[in-house]
Amino acid sequence: MPEELLRVSKIKKGTVIDHITHGYALDILKILGITGRESSGVITIAINVPSKKYGIKDIVKVEGRELKAEEVDKIALLAPHATINIIRNYKVVEKQRVKLPAVIRGIVKCANPSCISNSGEPIQPTFYVEREEPLRLRCHYCGRIMEREDVMRRF
Ligand code: CTP
Ligand code: ZN
């Protein structure tokens, strides 16, 4: 990207979550447990950035932190086109397209309180991805349909 179009600075080390579906940047922060009251580490949020591929996109940059696999899986639920870039010494050392599997296990709980997966039995919540965007999941045990908002409330 030409320098005059660079909207936010490059980071030295950490993670850049790029190609976030527009409108979802703040939800990504919530997933990562970022409240805005952290005592260190620059966090950059860019919303409505023009993008060749998707029209407009959001970007989140988190200095000094590399994401855990579980966090990447949660991001995939809300932003299935996101790219996770790991930065070390200003260079992109790893680029990972998030991928939503056909079956989601253990990441999100069923919204139905009487679902067997909420009964205290050792049963892993399991959902089928019926649609990626807008998100639609179906519980393997009780058939409850979960949409994006239901999933967000349970993170
Ligand atoms: N980036 C950053 N700090 C760095 C290096 C890269 O903030 N030290 C950001 C870039 O601004 C970009 C993202 O990380 O938003 C990915 O960087 P790069 O792979 O260089 O960009 P593209 O080739 O445009 O990525 P893609 O092919 O995934 O669209
Ligand atoms: Zn259920």
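Indexing begins at 1, ligand by ligand and atom by atom, following the structure's order. Below, all heavy atoms of this structure are taken into account, side chains as well, without hydrogens, waters or symmetry copies. This structure is a prediction, so every number in the text was calculated from the model and none was measured.
- Note on Arg153 versus Asp150: salt bridge recorded, some NZ/NE/NH1/NH2 to OD/OE distance being below 4.0 Å.
- Where the criterion is an N or O separation shorter than 3.5 Å, residue side chain and backbone included, Lys53 fails it with respect to ligand 1.
- For the pair His19 and ligand 1, the shortest N or O to N or O distance falls below 3.5 Å.
- Within the 4.5 Å cutoff, the side chain of Leu77 has no heavy atoms near those of the Met152 side chain.
- For Tyr141, there are no ring pair (Phe, Tyr, Trp, His ring centres under 6.0 Å) partners at least two apart in sequence or on another chain.
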(message) Using the rule given for side chain to side chain contact (heavy atoms under 4.5 Å, CB included), can you reason through Thr126 versus Ile104, listing the C-alpha separation, both sets of side-chain angles and the distance that settles it, and then say yes or no?
(response) CA-CA 6 Å; Thr126 302; Ile104 311 276; over 6 Å; no
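- Applying the 4.0 Å criterion to heavy atoms of Asn85 picks out, from ligand 1, the atoms 13 (C), 16 (C).
- Heavy-atom contacts of Ile87 reach the following atoms of ligand 1: 4 (C), 5 (C), 6 (C), 8 (N) (cutoff under 4.0 Å).
- Across Asp18, Asn89, Ile86, Val93, heavy-atom proximity to atom 13 (C) of ligand 1 is greatest for Asp18.
- For the pair Lys95 and Ile84, the minimum side-chain heavy-atom distance is 4.5 Å or more.
- The Zn ion (ligand 2) lies at the vertex of an angle of 110° between the SG atom of Cys110 and the SG atom of Cys115 (rounded to 10°).
- With Lys95, Lys12, Lys10 as candidates, the residue nearest to atom 28 (O) of ligand 1 on a non-hydrogen basis is Lys95.
- In the vicinity of Val16, heavy-atom distances shorter than 4.0 Å reach the ligand 1 atoms 1 (N), 2 (C), 7 (O), 9 (C), 13 (C), 14 (O).
- Geometrically, Arg148 engages Tyr24 in a cation-pi contact defined by less than 6.0 Å to the ring centre and at most 45° from the axis.
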